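Bear in mind the structure is a predicted one, so any value in this text is a computation, not a measurement.
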2 protein chains.
Amino acid sequence: MAKQLKKIIDTSTEAKIKEAAKKLFTQKGFNAVKTREIATEAGINLALLNYYFRSKQKLFDIIMAENLISFRKGMSDVLNNEKGDIYKKIEKLAIYYIDTLKENPNLALFVINAIHDNQHDIFNSTEDSLHQSRKHFAKQFLKEIQDGKMAPIHPVHLMSNIIGLIVMPFLAKPMMLKRLHVSEKEFTQIMDERKKLIPIWIKAMLK
Amino acid sequence: MAKQLKKIIDTSTEAKIKEAAKKLFTQKGFNAVKTREIATEAGINLALLNYYFRSKQKLFDIIMAENLISFRKGMSDVLNNEKGDIYKKIEKLAIYYIDTLKENPNLALFVINAIHDNQHDIFNSTEDSLHQSRKHFAKQFLKEIQDGKMAPIHPVHLMSNIIGLIVMPFLAKPMMLKRLHVSEKEFTQIMDERKKLIPIWIKAMLK
DNA sequence: GTCTATATTCTGATAGAC
DNA sequence: GTCTATCAGAATATAGAC
């Protein structure tokens, strides 16, 4: 009880280290971040990092897990609980991820790198909720096709298109800003536009 | 003359190092790759790496440049030289990049990471050819909108959509294969399908 | 729990023999 | 050109005082 309360309002050293590590690891990846950097960013001594987390690797694993959970949470929530049709769900997905990535654009690259990193088997965690929600979404998808409302395409196409349209602008953001002479503020506005546009686009392209 | 011939048929130590470095750097990035690893992969001694390339950094810069050139070459060629309409160009782009990424799926992640890496200013090289070709493509794009053939959207939307649809499946490939139970062969087939589908999709969504 | 000082390992690079 | 041996510095991790 007291323990739980402590955790919630934790502004302790442990929390500070984790926060600093999260910021840096998400931004630059495992190898580019040095433990001294984390310590400085957290405003603590280097030795405390190992005192609380034993090793840099263990600290990273925790950050990795938390990032992935927050990245998946939206998908699980939307696909599972929303009663809407397939395009409504896509809109909810777009809203959730675009808002998340607006706050932390580096999260996209972090997750993509994690997907390619064989060291961490991030697909191991058999999250039943997410698995089930996907099944339901897949059913809706198949029904659309059977009813002749959607062109018969492979699920890989659908998923690639949804994820691609949502995530790619954030992955290519530095290029977009420089090459197309777009300001941060404009970029944010354009991303907000996409929340409405993406479901419309998906519907149009798969008709 | 003799020198040039030598370079073309080079299977020498220098070439072996470069090949090994290219493979590893493209796969894992600069920091994750250790010089000893490159030496082992190339089947040579560690000292030879510095003998031929002076430093790890210089070696990486060469690989980086070559990767970026091969990644841009397609864009420059297509946008510049092709006389087709905007959708024909998009199809040519899709064909070029999908074929390139089929051979080296890691290239996509490498370029994305390079885009985010402030250490290497990859936008500095003022390739006039590419710049000019973009201008022409931009004109075609604007004309489509003025003629009422295309919805009036920001260029960021268009570029995000084109790049997203082409590149995202390769970025998410490990996830796609595992989660959607797709084999390597199937994946390749699906990517080939996308060459024809992407221009059609873009046309449909932007009408 | 927190710090200073230090041990230990890793890593890029070089010297010098062949 | 290629190798072995080694250096110098960086980076992770720990010992031990407070």
Gap between atoms CG and P, on A:Asn50 and C:dT9 respectively (whole Å): 15 Å
Nearest listed nucleotide, side chain of B:Leu48, among D:dT2, C:dT4, C:dT2: D:dT2
Phosphate-side-chain proximity, B:Asn45 and D:dC3, N/O vs OP1/OP2 below 4.0 Å: no
Side-chain heavy-atom pair B:His154, A:Val182 within 4.5 angstrom cut-off: yes
Nucleotide nearest A:Ser55 (side chain, heavy atoms from C-beta), chosen from C:dC3, D:dA13, D:dC3: D:dA13
Spacing of A:Ile44 atom CD1 relative to C:dG1 atom P, expressed in whole Å: 13 Å
B:Phe53 ring center within less than 6.0 Å of B:Phe60 ring center: no
Atom pair distance, as rounded to whole Å: NZ in A:Lys56 and C1' in C:dT8: 16 Å
Atom-pair distance (CD1 on A:Ile38; P on D:dA13), nearest Å: 10 Å
salt_bridge(B:Glu91, B:Lys196) N-O dist < 4.0 Å: yes
Length of the line joining B:Phe60:CZ and C:dT11:P, which is rounded to integer Å: 17 Å
Interatomic distance where CG belongs to A:Asn31 and P belongs to C:dT9 [whole Å]: 20 Å
Touch class at under 4.0 angstrom, heavy-atom based, for B:Leu46 against every strand present: base
Sugar-phosphate only, base, or nothing, as touched by A:Arg54 at under 4.0 Å among non-hydrogen atoms: sugar-phosphate
Contact under 4.0 Å: B:Thr35 side-chain N or O vs C:dG12 OP1/OP2: yes
Lys/Arg N to Asp/Glu carboxylate O, A:Lys195 vs A:Asp99, below 4.0 Å: yes
Closest to side chain of A:Tyr51, choosing from D:dG1, D:dT14, C:dT2: C:dT2
Closest to the A:Lys34 side chain, choosing from C:dT11, D:dT4, D:dA11: D:dA11
Interatomic distance where CZ belongs to B:Phe25 and C1' belongs to C:dG12 [whole Å]: 12 Å
Of B:Thr13 and A:Leu49, the one whose closest DNA chain D nucleotide lies more 5': B:Thr13
Salt-bridge contact A:Lys173-A:Glu184 (side-chain N to carboxylate O under 4.0 Å): yes
Touch class at under 4.0 angstrom, heavy-atom based, for B:Tyr52 against every strand present: sugar-phosphate
Whole-Å distance separating the CD atom of B:Gln57 from the C1' atom of C:dG12: 12 Å
